[in-house]
Enquirer: 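Pasting in a structure now, in structure tokens, and then I'll have a few things to ask.
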Amino acid sequence: NSDDKQTPASSETESSLSPTSLMRMTSASRKVAEATEGFARNDPPSAKQQVTTLLENWIRVQNEAPGNEKVYAQFLQYLQQLGVGKAEEHTERFLRLSLLIVMDAATKAVSGGSNGTRAVQNYAVIDIYTKLLVLMFKHLNSGGTTDQVEARRLGMLNKILGVSTRTMMWDAEKTKKASIQWDQRPWYRLFLNLIIDVNKPDPAMENIKLGVLSVFGAAFHVSQPL
């Protein structure tokens, strides 16, 4: 029966994103990058060096006292004293600058790539940095009732993924303007680490599993088609 025959779908209808949607997202990415550039211009002159020192201290903590809950708590307390997790502006700045510093370090940490061999990236710094982000998600501003703690955790995850996505867009647009091929592999490693580590079985996180899924879904929706 001819009525039962299915008309082959065109490549355009098969795509999850129409050309118009792709154009809108590209424009959105550009606008996000411009806004992030505006935030960066307001950074204090010493901000990047301060964040670099914090990251160096965190790497030292991971090398000298991995898994030490007391040392972790002290490090988080120091971050809070600097306004991270308390003041919106300080939290955004710390995340944005630390992301850029870590991604720059990861991009430069390559081996091989000569005599026709493919360069291999070293993601150790991203892996260590991810542990800090997960620690912030679970324990920064963790006081109060169970409902309050869960709400703050989702809020912190939303902040971490939101700043990560915006900073990634800014990084992509910056390299595009410089006519350089954007390397998305370090960013992929970061998001992959976060998905795995945030979703590891933990009774304390059971009630917010759907909220966590929603936050990740929103971040990935915004970041396509980078």
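All of these numbers come straight from a predicted model, not from anything done at the bench.
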Enquirer: Are L82 and V71 co-members of a hydrophobic cluster defined by side-chain heavy atoms under 4.5 Å apart?
Expert: yes
Enquirer: Considering all heavy atoms of both residues, which atom of A106 and which atom of I126 are nearest to each other, and what is their separation?
Expert: CB-CD1, 3.6 Å
Enquirer: Is it true that a side-chain atom of N63 and a backbone atom of I59 form a donor plus acceptor pair closer than 3.5 Å?
Expert: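 Yes, because the side chain of N63 sits within donor-acceptor range (under 3.5 Å) of the backbone of I59.
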Enquirer: Tell me the closest heavy-atom pair linking T165 and S223, and the distance in Å.
Expert: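 Heavy atoms only, the tightest pair is CG2-CB, 4.0 Å.
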Enquirer: If you take all heavy atoms of G144 and V149, which pair is closest and at what distance?
Expert: O-CG2, 3.9 Å
Enquirer: Under the side chain to side chain contact (heavy atoms under 4.5 Å, CB included) test against L55, which residue among V51, N57, T53 passes?
Expert: V51
Enquirer: Taking Y188 as the starting point, is it possible to reach L133 by hopping between hydrophobic residues whose side chains are less than 4.5 Å apart?
Expert: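 Not linked; separate clusters.
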Enquirer: Given side chains that start at C-beta, do those of L54 and S98 come closer than 4.5 Å, heavy atoms only?
Expert: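 No, too far: nothing below the 4.5 Å cut-off.
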Enquirer: Q49 side chain to S46 main-chain N or O, any donor-acceptor pair under 3.5 Å?
Expert: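 Judged by distance alone, no pair lies under 3.5 Å.
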Enquirer: Between Y129 and I101, is any pair of side-chain heavy atoms under 4.5 Å apart?
Expert: no
Enquirer: Does a side-chain heavy-atom distance below 4.5 Å link L190 with V102?
Expert: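 Of all side-chain heavy-atom pairs linking V102 with L190, none is under 4.5 Å.
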Enquirer: For the side chain to side chain contact (heavy atoms under 4.5 Å, CB included) test, which of V134, L161, V215 pairs with V198?
Expert: V134
Enquirer: Would you please classify the geometry between the F191 ring and the F220 ring as parallel, tilted or perpendicular, with 30° and 60° separating the classes?
Expert: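 Correct class here is perpendicular.
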Enquirer: At their closest point, which heavy atom of M169 faces which heavy atom of V222, and how far apart are they?
Expert: CE-O, 3.0 Å
Enquirer: Heavy-atom distance under 4.5 Å between the side chains of F216 and L213, does that happen here?
Expert: no
Enquirer: Under a 4.0 Å threshold between the charged nitrogen and the carboxylate oxygen, would R153 count as salt-bridged to E150?
Expert: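 R153 and E150: not salt-bridged.
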Enquirer: Taking the side chain as everything from C-beta on, heavy atoms only, tell me whether M205 gets closer than 4.5 Å to V212.
Expert: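 No; the side chains remain at least 4.5 Å from each other.
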Enquirer: Do K138 and Y72 come close enough that some side-chain heavy atom pair is under 4.5 Å?
Expert: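 No; the side chains remain at least 4.5 Å from each other.
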Enquirer: Mind checking whether D171 and W187 have side chains closer than 4.5 Å, heavy atoms only?
Expert: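 In contact.
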Enquirer: Using a strict cut-off of less than 4.0 Å between a Lys/Arg side-chain nitrogen and an Asp/Glu carboxylate oxygen, indicate whether D127 and K131 qualify as a salt bridge.
Expert: no
Enquirer: Between the side chains of R93 and D43, is the shortest nitrogen-to-carboxylate-oxygen separation below 4.0 Å, so that they form an ion pair?
Expert: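 Counted as a salt bridge, because a side-chain N and a carboxylate O are separated by less than 4.0 Å.
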Enquirer: Does any N or O in the side chain of T175 come within less than 3.5 Å of the main-chain N or O of Q181, such that one atom is a donor and the other an acceptor?
Expert: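 It does not hold such a pair.
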Enquirer: Tell me whether L95 is reachable from Y78 by hopping between hydrophobic residues (I, L, V, M, F, W, Y) whose side-chain heavy atoms are closer than 4.5 Å.
Expert: yes
